[in-house]
*Asks:* 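Take this structure, written in structure tokens, and hold onto it; I'll ask about it next.
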Amino acid sequence: TDARGADGELLPDAQRLTPFGRRLRSTSLDELPELWNILRGDMSIVGPRPLLVKYLPYYTAEERRRHAVRPGLTGLAQVNGRNALRWEDRFAYDVDYVDHISFALDAKIVLMTLRCVFSREGISAEGSDDGGIYGNGKASGGSAMNILFCSAGRRVELLKDFRKSMDDGDRIVAADLSELAPALYVADAHYLVPRIDDPSYLDTILSICRKEKIDAVTTLIDPEIALLAQNRERFEQIGVEVLAPYAETAELCFDKFKMSQFLAAHGIPTPDTWGDYASAMAAVAAGELAFPVFVKPRTGSGSVGARKVHDADTLKALCQADPSLIIQRLMTGDLDADVYIDTISHRAVSAFSKRKLETKIGGASKTVSFKDEALFAFIQQITQLLKFNGPVDMDFFFQDGVYYLSEINPRFGGAYLHAYGAGVDFVKLIKNNLNGVQNTPVFGDYEENVVMMMYDSVVITKLDKVE
């Protein structure tokens, strides 16, 4: 029947089924009208059972893979428990079918279906094939989010902030090569993995993703960003969103000299940069560059090796010791911004800007928030030239009324803690994207003059848990 409750919604099937309807469902004859959909080509005989369109936003990335094939009259879940299974288990069977689809498997499922129909195994006459979704929160609270942090290292406070914004059922998984990486022990699950340059590393990470039903993966170190970007398709094949830029953009971000050339070619203000000692000294001789200058490794991270140089002799010695150094015009007005690039629109949708009050190895340690529409517009201009995907940390200089882009680290920056503490929550933006929701751009939704003062802390645990 079409009986409805006081709220106007249809009552559960158990309350709407007539005696005839129960008998019809118990024999599975209620499925016969779907033969017409099979003849039209909308469905297959074998495949994941179709569900209502209204559930689409609530699938996890892994569960959405069930839609890679046409829905079916019967499927792997139907011959392994049917309505007696939890929804998580049904979806797992659906995804397993997608991964192993073959004529032989289809024939086996058809034969097993006939046995189930005649024995009436797993049939529930008290509820429909999709009623239980309401019970596990998919239609009312959004799907759970499982995120994997690779090379988690010391980023304890970042994972703690993530936890504060996550919903019940969401899980943090962390991986690192060292059993003494403190961030491992604030995650819901953790794994020790090989070095990122080990041939088995990527397969290890993919295996963790499958085991933990990971929805999104990211890394907290620069050298691994390109690895994730280059293997995006392998992650997407198992339903995992890679929160890292696309390969070409990742390469530019890691090579600071190439990035400088790219920005200059596209009219983006950036500090003048020279790739070696000889070209820098030629610029000095031509009056285009003067000491002091600033040097940093071409592919460095965490401010390691970056320093001010006051004379030619020191510059020569440094460049001889490390030929990868690049030389830049010394700039003032050091600041940065935490930016979130929507994974659906690939446009910047949120930014938190801050001036650096103190910088140590690893990045800014004391910062104060500010807002400037000109900077927000500059950020949007930059992100339209490159293809990012998720969180990004951008370093700028502000000199003579002009913003200059220094470099981009396409990951969670060390000082994202400041953004989160001021109310800019990238976790919710990530979850929206994983649920198929495109975020609406909101810039400057925080207070100015909020100060962050970073300090060291510790993780205490028992030795038998350090593994």
Side-chain angles (χ1 to χ4, degrees), residues 149 153-162 164-165 183 218 220-222 253 256 269-271 294 296 300-308 328 330-341 348-380 382-383 388 390-430 442-457:
F149 288 94
R154 296 162 48 90
R155 303 293 294 276
V156 173
E157 295 303 318
L158 173 64
L159 269 61
K160 285 182 176 179
D161 283 350
F162 249 79
K164 294 173 188 175
S165 286
T218 191
L220 300 178
I221 62 170
D222 292 330
C253 291
K256 296 176 177 61
T270 189
F294 190 75
K296 59 185 178 182
S301 62
S303 300
V304 176
R307 58 180 291 183
K308 185 192 297 186
Q328 292 185 324
L330 187 66
M331 305 288 288
T332 58
D334 199 4
L335 55 99
D336 73 17
D338 298 292
V339 182
Y340 185 77
I341 313 299
V349 294
S350 180
F352 177 82
S353 52
K354 51 197 182 290
R355 295 186 179 90
K356 298 179 183 179
L357 304 178
E358 178 184 270
T359 300
K360 295 182 178 180
I361 291 179
S365 55
K366 292 180 175 64
T367 52
V368 58
S369 64
F370 76 98
K371 293 187 280 191
D372 187 346
E373 292 299 327
L375 177 59
F376 296 149
F378 188 36
I379 288 170
Q380 292 178 78
I382 294 164
T383 56
F388 296 106
V392 169
D393 176 35
M394 295 185 175
D395 287 341
F396 298 92
F397 294 107
F398 185 69
Q399 187 167 298
D400 300 326
V402 177
Y403 285 105
Y404 294 82
L405 176 61
S406 173
E407 60 184 69
I408 303 175
N409 301 304
R411 54 170 171 75
F412 277 103
Y416 168 72
L417 305 176
H418 190 178
Y420 183 83
V424 179
D425 190 349
F426 287 1
V427 184
K428 298 299 183 185
L429 302 181
I430 292 171
V442 177
F443 292 89
D445 189 19
Y446 58 88
E447 292 185 17
E448 294 188 285
N449 298 318
V450 176
V451 177
M452 179 198 73
M453 295 167 281
M454 193 176 291
Y455 68 99
D456 291 331
S457 187

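All values reported here derive from a predicted model rather than from experimental measurement. Atoms considered below: every heavy atom in the structure, side chains included; atoms not considered: hydrogens, waters and symmetry mates.
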*Asks:* Return the minimal non-hydrogen interatomic distance between Arg155 and Gly413, and the atom names on each side.
*Replies:* NH2-O, 2.9 Å
*Asks:* Is any side-chain heavy atom of Ile408 less than 4.5 Å from a side-chain heavy atom of Ile382?
*Replies:* yes
*Asks:* What closest approach, in Å, do Glu447 and Val450 show between heavy atoms, and which atom pair accounts for it?
*Replies:* O-CG2, 3.6 Å
*Asks:* Mind checking whether Val424 and Asp338 have side chains closer than 4.5 Å, heavy atoms only?
*Replies:* no
*Asks:* Would you say the side chain of Tyr420 lies within less than 4.5 Å of the side chain of Leu158, judging by non-hydrogen atoms?
*Replies:* no
*Asks:* Kindly say whether Lys356 contributes a backbone atom to a donor-acceptor pair with the side chain of Thr367 at under 3.5 angstrom?
*Replies:* no
*Asks:* Decide yes or no for Phe397 and Asp334: does some side-chain heavy atom of the first lie under 4.5 Å from some side-chain heavy atom of the second?
*Replies:* yes
*Asks:* Any chance you could measure Met452, atom CE, to Ser365, atom OG, to the nearest 0.5 Å?
*Replies:* 7.0 Å
*Asks:* For the residue pair Ala306 and Lys296, what are the closest heavy atoms and their distance?
*Replies:* CB-CB, 3.9 Å
*Asks:* Does a donor on one side chain and an acceptor on the other come within less than 3.5 Å for Tyr416 and Asp161?
*Replies:* no
*Asks:* Do Lys371 and Phe376 form a cation-pi contact, if we require the NZ or CZ to be under 6.0 Å from the six-membered ring centre and within 45 degrees of the ring's axis?
*Replies:* no
*Asks:* Show the numbers, then the answer: is there a ring-ring contact (aromatic ring centres under 6.0 Å, His included) between Phe162 and Phe412?
*Replies:* CA-CA 11 Å; Phe162 249 79; Phe412 277 103; 5.5 Å; yes
*Asks:* Under 4.5 Å between any side-chain heavy atoms of Val339 and Phe388, yes or no?
*Replies:* no
*Asks:* Please check if the number of heavy atoms outside Glu358 that lie under 6.0 Å from its CD is greater than 12.
*Replies:* yes
*Asks:* Taking side chain as C-beta onward, heavy atoms only, is Met331 less than 4.5 Å from Phe294?
*Replies:* no
*Asks:* Should Ser353 and Tyr446 be marked as a side-chain contact (heavy atoms from CB on, under 4.5 Å) after you check the CA-CA gap, both sets of side-chain angles, and the distance that decides it?
*Replies:* CA-CA 10 Å; Ser353 52; Tyr446 58 88; 2.9 Å; yes
*Asks:* For the residue pair Tyr403 and Phe396, does the interplanar ring angle fall in the parallel (under 30°), tilted (30 to 60°) or perpendicular (over 60°) class?
*Replies:* perpendicular
*Asks:* If I take atom CG from residue Asp372 and atom CZ from residue Phe443, how far apart are they, to the nearest 0.5 angstrom?
*Replies:* 13.0 Å
*Asks:* Could you check Met394 against Thr383 for side-chain contact (heavy atoms from CB on, under 4.5 Å), going step by step and ending with a plain yes or no?
*Replies:* CA-CA 11 Å; Met394 295 185 175; Thr383 56; 3.5 Å; yes
*Asks:* Answer yes or no: is there a side-chain heavy-atom contact under 4.5 Å between Thr218 and Phe149?
*Replies:* yes
*Asks:* Which heavy atom in Asp395 sits nearest to a heavy atom in Asp336, and how many Å separate them?
*Replies:* OD1-CB, 3.2 Å
*Asks:* When you check the gap from the basic side-chain N to the acidic O, do Arg411 and Asp393 get nearer than 4.0 Å?
*Replies:* no
*Asks:* Measure across Met454 and Ala364 and return the closest heavy-atom pair with its distance rounded to 0.1 Å.
*Replies:* CE-O, 3.8 Å
*Asks:* Heavy-atom distance under 4.5 Å between the side chains of Asp425 and Lys164, does that happen here?
*Replies:* no
*Asks:* How close do Arg154 and Ala183 get, heavy atom to heavy atom, and via which atoms?
*Replies:* C-CB, 4.5 Å
